[in-house]
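The structure appears right after this line, and notes come after that.
Order of the sequence lines fixes the chain letters, A, B, ..., with proteins taken first and strands second; residue numbering starts at 1 for each chain. Only heavy atoms go into these numbers, but all of them, side chains included; no hydrogens, no water, no symmetry mates.
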Number of protein chains: 2
Amino acid sequence: MAKRYEKIADELREDIRSGRPAPGERLPAETALAEKYRVSVPTMRQAMSVLQAEGLVERVHGRGTFVRKERTRNLRSNERHQWEKDRARNPLEERAETGSTEHDTGLTLSDLVFHAEYAEIAADDELAGVFGVEVGTRLLERRYRTRQRDEDAPFSLVSSYLVHDLVAANPELLDADKEPWPGGTQNQLYTVGIELGSIEEQVTARPPTVEEAEELAVSPGVSVIVLRKTSRATDGRVVEYSRVILPGDRTELTFVTPLRKW
Amino acid sequence: MAKRYEKIADELREDIRSGRPAPGERLPAETALAEKYRVSVPTMRQAMSVLQAEGLVERVHGRGTFVRKERTRNLRSNERHQWEKDRARNPLEERAETGSTEHDTGLTLSDLVFHAEYAEIAADDELAGVFGVEVGTRLLERRYRTRQRDEDAPFSLVSSYLVHDLVAANPELLDADKEPWPGGTQNQLYTVGIELGSIEEQVTARPPTVEEAEELAVSPGVSVIVLRKTSRATDGRVVEYSRVILPGDRTELTFVTPLRKW
DNA sequence: GAGTGGTCTAGACCACTGT
DNA sequence: CAGTGGTCTAGACCACTCC
């Protein structure tokens, strides 16, 4: 019933909460702590694992165990969609000023580092279902990762899909070098005559895959938020679909639902 | 570079993916697997921990390790708010038929087990800030947990707050025994003359606290979704605030954002 | 090279579940 | 009771980081 490792974790948690090793500072070495608490090193390590799983400390091989700093939080609101739509038909200069990510986070374009890759793929079962097209239909896959200049890891991994033939009318839309595109996807769609009518976003959370954990630099045990976004044109057709992976511990999604008056 | 425990985890993961031990079935004992893979028991256990953290298996003390079944997913859409508002002024019989949780999940009232507790509390810093009242103001705290009759753990832990003096005009609103209230919170507020104008929901994910892990019966390593809901009256005042804890691995939130036409 | 966390062993004993 | 996973030990050796 005692469970030494939990008791030790409790004590250390209390210490950290009250700022004993302050955020960013190093904890004593595991061997030292094992001696202090009079347990074996593996038991001490188990206690550390508990704190790591809680996201309270970060263990770095060869350097030590550190109290985690609150990372810069990333905000994203569904109001970004209307905001982007309102600007989608503006002249280039206005669109180029700021994008929806900047609108959400309050950062300016120069704070962000942006990376895009385009590919043509064939629709698999899932994507064919979403778009209501046949399996194998040509799709344009666009992968984005965006990070803040002063952080080393991106804060989102985005895979966005468009029906290839729908956007091919404007060849510039097939060229990744045109990214970041002023005015975003809604302006891109506008250039081929599409107006969005509604956007549906589905949110779940799960442990990261190994690749996601590496790319987003989330410590193992911290989960990711998976956001699936379906954009429909005014006629109800699905015209864009994207999957966004966000680090759960530093992302805050906001959704505002206005209600019709009585 | 080899890392035996990861290799073993990889092999077992592959086996499970291809249905070797089918969902719900038991894996061989750790001692047996340790022998099979020619590693020590602690190493074997480490491999198991990886699969557990991924949510692929569930270890039960004294019984064995089992391949996890996909649990019944719980759905929740922001369209529930308008749906509830549309019915808030309906006669009692109609309101009593179904609530917004049933609307979301497609379940009927009799599938759900509902528990409510009310308390009067003094506003702390956070709550005072949300409502724009002084610290110490009397609030009504309502805690709910809802579960499906055939599952043993609730699928949501809700703490909802109202300014006490605002709802005290209708004494029935202070009585937990009146729950589940036909028509939900929006009808409750209607009885004291309040109409909701908009609802804002903020979503994050984090590892569960020890208590949450127990109450929601999520295996350690699986994270929870935290949803903070702020309801505003038509005049913009915050009239209700709630914090909802949802198991990340079996919850899917949907948010629909309609866009104004060009 | 000194110090850190990461992997692994071989084994003891405990706690829980079923029969 | 036998069989399972959970806790803990004492120690070896490796991999990484920093000086």
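Both B:Val60 and A:Leu27 lie near DNA chain C, and the one whose nearest nucleotide falls closer to the 5' end is A:Leu27. Positionally, the nearest nucleotide of DNA chain C for A:Ala29 lies more toward the 5' end than for the other of A:Pro42 and A:Ala29. Two residues, A:Arg38 and B:Arg45, neighbour DNA chain D, and the one matched to the more 5' nucleotide by heavy-atom proximity is B:Arg45.
For the pair B:Glu30 CD and D:dT7 P, the interatomic distance rounds to 11 Å; values are reported in whole Å. For A:Tyr5 and D:dT9, the OH to P distance is 13 Å, given to the nearest whole Å. Atom P of nucleotide D:dG3 and atom CG of B:Leu33 are separated by 16 Å, given to the nearest angstrom. Atoms CE (A:Met44) and C1' (D:dA10) sit 17 Å apart, rounded to a whole Å. Atom P of nucleotide C:dA15 and atom CZ of B:Arg63 are separated by 20 Å, given to the nearest angstrom. Taking atom NE2 of residue B:His61 and atom P of nucleotide D:dT7, one finds them 8 Å apart after rounding to whole Å. The separation between B:Arg4 atom CZ and C:dG6 atom C1' is 15 Å, rounded to whole Å. Rounded to whole Å, the distance from CZ on A:Arg26 to P on C:dG3 is 11 Å.
A:Glu200 and A:Arg228 are not joined by a salt bridge, as no carboxylate oxygen comes within less than 4.0 angstrom of a charged side-chain nitrogen. Taking 4.0 Å as the cut-off between side-chain N and carboxylate O, A:Arg76 and A:Glu201 count as a salt-bridged pair. For B:Glu30 and B:Arg45, the salt-bridge test passes: some basic side-chain N is under 4.0 Å from an acidic carboxylate O.
Taking every heavy atom of both residues into account, B:Pro208 and B:Val224 meet most closely at CB-CG1, 3.7 Å.
Phosphate proximity of D:dG5 to B:Thr31: absent, as no side-chain N or O sits under 4.0 Å from OP1 or OP2. Between A:Ser40 and D:dC8 there is no side-chain polar atom (N or O) within less than 4.0 angstrom of OP1 or OP2.
For the contact set between residues 8-15 of chain B and DNA chain C, defined by any heavy atom under 4.0 Å, there are no members.
Shown here is B:Glu14, whose CD atom has no more than 12 heavy atoms of other residues, nucleotides or ligands within 6.0 Å.
Counted by atom type alone, A:Glu117 and A:Tyr144 present zero donor-acceptor pairs between their side chains at under 3.5 Å.
Counting any heavy atom pair closer than 4.0 Å across all strands shown, B:Val41 reaches no nucleic acid atom.
Considering CG of B:Leu112 and CZ of B:Phe155, their distance stands at 5.5 Å, rounded to 0.5 Å.
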